Amino acid sequence: MRFLSDYAEGERLVSFCLVKNREIGVASNQSEYMNLELGDSSGSITAKIWDVNEELKSMIQVKSIVKVDAQVQSYRGKKQLIISRIRPASSSDEVAIESLVPASSYALDELLRKLEDAVDELKSPVLRAVINEILTREELKSRLISFPAGVKMHHNYYSGLLEHIVSLLEVARRLLPLYPHVDHDVLLSTCILHDIGKLYELTDPFAPDYSTPGQLIGHLVMGVDLVSDACRVLGIESDNPEVLHLKHCILSHHGDTEFGWGSAVSGKTPTAILFHYLDQIDSKMNATGQTLSQGEAAEEEWTYSPALKRKIWRGY
């Protein structure tokens with residue numbers, strides 16, 4: 001089986017893809033055309049359909065699975081598809097949407113085991129109870145095993161958020177012995193819950209966009225709301241010191257407020273300050289790793305990283 005990234009300029013491509021984005025434009029002759037972002041497990045590629053009619057506009061929608069017959073061309077140094085034929089996938093095609101999106105390279109059961117081990121490691125009965133109350137909710141659990149950690153910037157693939165959480169837990173454990181004034185249980189709890197609001201800030205794991213609550217409230221506040229709701233269910237007082245510390249770390253994990261990165265408050269404890277930098281390290285290393293490994297970029301000496309807003313040198 002060949003993936004989108006396998007095709008070279010000049011080749012004919014016939015494959016099933018996921019429609020991740022769609023825009024309608026008007027050509028100079030006043031006919032309409034369609035710009036698409038198509039994806040499979042190897043990544044995404046832009047595509048164009050000329051002379052679009054109303055039937056085609058109705059038929060091709062974001063998050064739909066389509067079969068395309070296209071020619072691979074080069075446009076401004078990047079591959080794109082010029083589609084000659086396209087149709088929606090039918091049930092007889094037996095195409096699973098999960099097979100058409102990039103996914104974590106780590107086994108799901110291994111990620112879940114490491115998450116469960118981290119919860120069991122907590123000595124605080126309060127924090128352990130809050131986390132278990134949140135993670136055992138069926139809808140949230142089903143989202144956690146599939147949702148990305150973001151739309152574009154980092155861990156932006158199937159099960160990406162869960163991978164990000166487990167990666168942070170491993171880095172945190174390595175650094176904790178160096179900083180005894182950091183609260184072990186609050187730090188690990190923050191690793192687990194800092195982005196939990198993204199499960200409702202984003203719409204779905206396949207072609208995620210920002211939900212209306214996500215745009216109006218944001219995942220930091222949505223995460224704190226989940227913690228507060230768990231406390232109400234468990235009868236934990238709202239001024240419990242460990243819960244307050246956890247909420248502070250969630251609300252401050254984007255860094256000092258003057259950065260303008262979305263924190264509600266600047267970090268005011270060693271644990272909150274350390275976690276911000278842990279999150280920066282893991283997110284940026286993941287993003288730059290993706291930049292250097294994807295498609296044509298894997299062969300280039302210099303490659304632009306959207307996460308860092310600069311070119312990255314491979315150096316080897």
Side-chain angles (χ1 to χ4, degrees), residues 3 5 18 20 39-44 96-122 131 134-137 139-176 187-208 210 214 219-220 222-223 226 249-250 253-254 274-295 298 305-308:
F3 298 99
S5 61
L18 173 69
K20 302 180 73 173
D40 67 8
S41 59
S42 69
S44 300
I97 193 169
E98 292 88 347
S99 69
L100 298 179
V101 293
S104 171
S105 59
Y106 297 92
L108 179 59
D109 57 352
E110 182 70 7
L111 292 173
L112 288 172
R113 184 189 64 77
K114 289 182 176 181
L115 175 59
E116 291 167 1
D117 288 348
V119 178
D120 291 341
E121 181 182 329
L122 299 176
I131 292 173
I134 293 172
L135 297 188
T136 55
R137 298 178 180 184
E139 182 190 21
L140 187 143
K141 186 175 180 180
S142 68
R143 288 172 177 248
L144 180 59
I145 64 177
S146 61
F147 267 57
V151 174
K152 293 184 181 295
M153 298 302 284
H154 71 93
H155 297 87
N156 53 324
Y157 41 77
Y158 196 84
S159 300
L161 178 55
L162 182 56
E163 180 188 321
H164 178 45
I165 290 170
V166 170
S167 180
L168 282 168
L169 287 167
E170 293 180 353
V171 176
R173 286 194 189 96
R174 291 173 182 266
L175 290 182
L176 271 165
L187 183 65
L188 295 193
S189 299
T190 306
C191 291
I192 296 168
L193 296 181
H194 76 289
D195 274 350
I196 204 71
K198 286 187 175 180
L199 300 180
Y200 300 97
E201 180 185 48
L202 303 179
T203 55
D204 65 87
F206 305 114
Y210 290 95
H219 71 273
L220 276 68
M222 296 171 88
L226 285 168
C249 290
I250 294 173
H253 84 263
H254 281 183
L274 177 60
F275 180 78
H276 162 65
Y277 289 105
L278 294 182
D279 188 47
Q280 287 286 298
I281 290 170
D282 192 58
S283 60
K284 285 184 167 52
M285 287 300 97
N286 177 268
T288 53
Q290 288 191 72
T291 297
L292 293 175
S293 65
Q294 287 178 346
S305 169
L308 295 181

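Predicted model, so just to flag it, every value in this text is computed and none were measured. If you read the sequence from its start, that first residue is 1, and numbering goes on from there.
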Inset, instruction - Mind checking the CG-CG spacing from L115 to D120? Nearest 0.5 Å is all I need. - result: 9.5 Å

Legend entry - V151 and N156, any side-chain heavy atoms less than 4.5 Å apart: no

Legend entry - Side-chain touch V171/I281, heavy atoms, less than 4.5 angstrom: no

Inset, instruction - Determine the minimum heavy-atom distance between G223 and I196, stating which atoms define it. - result: CA-CG2, 3.9 Å

Inset, instruction - Could you tell me which non-hydrogen atom of L135 sits nearest to which non-hydrogen atom of K141, and how far apart they are? - result: O-CB, 3.6 Å

Inset, instruction - Indicate the atoms forming the closest heavy-atom contact of F206 with L18, along with that distance. - result: O-CD2, 3.6 Å

Inset, instruction - Could you walk me through whether T291 and L308 pass side chain to side chain contact (heavy atoms under 4.5 Å, CB included), step by step? - result: CA-CA 10 Å; T291 297; L308 295 181; over 6 Å; no

Inset, instruction - Begin from the C-alpha positions of I165 and D195 and carry the test side chain to side chain contact (heavy atoms under 4.5 Å, CB included) through to its verdict. - result: CA-CA 8 Å; I165 290 170; D195 274 350; over 6 Å; no

Legend entry - side chain to side chain donor-acceptor pair (under 3.5 Å) partner of D279, the single match among K284, H164, H254, H154: H164

Inset, instruction - In sequence, state the C-alpha distance, the side-chain angles, and the governing distance for D282 and L278, and then conclude on side chain to side chain contact (heavy atoms under 4.5 Å, CB included). - result: CA-CA 6 Å; D282 192 58; L278 294 182; over 6 Å; no

Inset, instruction - Give a yes or no answer on whether the side chain of S5 reaches the backbone of S42 with a donor-acceptor pair at less than 3.5 Å. - result: no

Inset, instruction - Provide the closest heavy-atom pair for P148 versus L202 in the form atom of the first, atom of the second, distance. - result: O-CD1, 4.0 Å

Legend entry - Euclidean distance, S104 OG relative to L161 CG, rounded to 0.5 Å: 11.0 Å

Inset, instruction - Would you mind checking if R113 and D117 are paired as a salt bridge, meaning a charged N to carboxylate O distance below 4.0 Å? - result: yes

Legend entry - side-chain hydrogen bond (donor to acceptor under 3.5 Å, both in side chains) partners for K114, two or more places apart: E170

Legend entry - Test log, rule side chain to side chain contact (heavy atoms under 4.5 Å, CB included), inputs F275 and L168: CA-CA 9 Å; F275 180 78; L168 282 168; 4.0 Å; yes

Inset, instruction - Look up atom CD1 in I145 and atom CG in L111, then write down how far apart they are to the nearest 0.5 Å. - result: 11.0 Å

Inset, instruction - Search all heavy atoms of M153 against all heavy atoms of A287 and return the closest pair with its distance. - result: O-CB, 3.0 Å

Inset, instruction - Quick one: pull up CD1 in I134 and CG in L144 and give me the separation to the nearest 0.5 Å. - result: 11.0 Å

Inset, instruction - Output the distance between atom CD1 (I97) and atom OH (Y158), rounded to the nearest 0.5 Å. - result: 9.5 Å

Legend entry - From CG (L188) to CD1 (I131), nearest 0.5 Å: 8.5 Å

Inset, instruction - Kindly give the heavy-atom pair with the smallest separation between A172 and C191, and that separation in Å. - result: CB-SG, 3.9 Å

Inset, instruction - Side-chain contact test, heavy atoms from C-beta onward, threshold under 4.5 Å: evaluate it for F147 versus P208 and give yes or no. - result: no

Inset, instruction - Answer yes or no: is there a side-chain heavy-atom contact under 4.5 Å between K20 and V101? - result: no

Legend entry - Whether K198 side chain and A149 backbone form a donor-acceptor pair below 3.5 Å: yes

Legend entry - salt bridge (Lys or Arg N to Asp or Glu O under 4.0 Å) against E116, all qualifying residues, sequence neighbours excluded: none

Legend entry - Side-chain heavy atoms of L226 within contact of L140, under 4.5 Å: yes

Legend entry - Plane angle bin for H194 and H253 - parallel if under 30°, tilted between 30 and 60°, otherwise perpendicular: perpendicular

Inset, instruction - Return yes if some donor-acceptor pair links the side-chain N/O of N286 with the main-chain N/O of H155 below 3.5 Å, else return no. - result: yes

